[in-house]
Amino acid sequence: LMPAQLDVATFIASSIGSLTLGTNCFGGPVREVDTAGGVPHTCVFVIGRGGIAKEEFKDGGNKGGLSKPGVQILVRGDKNDLSGGLSLAESIMSVVDMGPPTASYIESRATTSDPLYLGVDDSGHHLWSINLILTK
């Protein structure tokens with residue numbers, strides 16, 4: 001079993017034509033732009049955020065209940081391309097909200113109705129966040 005952040009990053013990369021896992025879509029923390037080293041301006045990062053407490057099974061089952069891991073998807077758009085970054089963030093949102101990343105998950109819900117605009121980073125890239133709570 002992969003951590004939730006890798007499940008979600010793999011799912012996003014396989015669902016969005018412009019993204020490739022390990023090229024411009026990463027499971028893990030934000031990486032600085034390094035075009036020579038293979039980290040482009042427009043990038044997606046999926047970071048594990050712990051989630052919420054497990055839910056006990058209603059029938060008192062002893063397997064520990066349903067796990068509710070959380071992930072944050074950070075979308076970094078290119079400089080001076082607000083609309084392109086927003087479009088990418090919205091397309092990711094439409095795939096992951098109510099779209100579980102693998103068959104081992106029974107639910108995937110975004111915690112907001114739209115991607116959350118975070119402003120620009122120190123280099124002028126536009127940033128958005130999509131936070132998910134998964135159930136498995």
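Only this structure's heavy atoms are used, side chains among them; waters, hydrogens and symmetry mates stay out.
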Mind checking whether Phe45 and Phe26 have parallel, tilted or perpendicular rings, split at 30° and 60°?
parallel
May I have the list of side-chain donor-acceptor pairs in residues 86-93 shorter than 3.5 Å, sequence neighbours left out?
from  : atom 1 : to    : atom 2 : distance (Å)
Ser91 : OG     : Ser87 : O      : 3.3
Ser91 : OG     : Leu88 : O      : 2.8

Say whether, by atom type as modelled, one donor and one acceptor occur between the side chain of Thr42 and the main chain of Asp78 under 3.5 angstrom.
yes
Can you get from Val30 to Leu116 by hopping between Ile, Leu, Val, Met, Phe, Trp and Tyr side chains that sit under 4.5 Å apart?
yes
Under 3.5 Å donor-acceptor pairs involving side-chain atoms of residues 12-22, not counting sequence neighbours:
from  : atom 1 : to    : atom 2 : distance (Å)
Ser14 : OG     : Thr10 : O      : 3.3
Ser14 : OG     : Phe11 : O      : 3.0
Ser15 : OG     : Phe11 : O      : 2.7

Residues that Val33 engages under side chain to side chain contact (heavy atoms under 4.5 Å, CB included), provided they are two or more places apart:
Thr35, His41, Arg76, His125
Partners of Asp114 by salt bridge (charged side-chain N to carboxylate O under 4.0 Å, His left out), sequence neighbours excluded?
none
Say you draw a straight line from CZ of Arg49 to CG of Leu132; how long is it, rounded to the nearest 0.5 Å?
12.5 Å
If the condition is salt bridge (charged side-chain N to carboxylate O under 4.0 Å, His left out), which residues does Arg31 pass it with, not counting sequence neighbours?
none
If Ile, Leu, Val, Met, Phe, Trp and Tyr residues are connected whenever their side-chain heavy atoms lie under 4.5 Å apart, and connections chain through other members, are Ile130 and Leu127 in the same group?
no
Closest heavy-atom pair and its distance - Asn24, Pro40
CB-CG, 3.7 Å
How long is the span from the NZ atom in Lys79 to the NE2 atom in His126, to the nearest 0.5 Å?
11.0 Å
Leu118 vs Leu74 side-chain heavy atoms within contact, under 4.5 Å:
yes
Does Leu134 reach the side chain of Val8, with side-chain heavy atoms less than 4.5 Å apart?
yes
Indicate if Val95 and Ile133 have the same hydrophobic cluster label, given that clusters are the connected sets of ILVMFWY residues with side-chain heavy-atom separations under 4.5 angstrom.
no
Quick check: does any side chain N or O of Asp97 sit under 3.5 Å from a backbone N or O of Ala110, one acting as donor and the other as acceptor?
yes
Between Ser108 (side chain only) and Val96 (backbone N and O only), is there a donor and an acceptor less than 3.5 Å apart?
yes
Heavy-atom closest pair (Pro100 atom, Tyr105 atom, distance to 0.1 Å) is CB-O, 3.7 Å
Got Lys68 and Lys54 here, is their nearest side-chain heavy-atom distance under 4.5 Å?
no
Are Leu82 and Val120 connected in a single hydrophobic cluster, I mean Ile/Leu/Val/Met/Phe/Trp/Tyr linked by side-chain heavy atoms less than 4.5 Å apart?
yes
In terms of hydrophobic clusters joined by side-chain contacts under 4.5 Å, are Ile47 and Leu6 together?
no
Taking side chain to side chain contact (heavy atoms under 4.5 Å, CB included) as the test, write out the residues that go with Asp34, two or more places apart.
Ala36, Val39
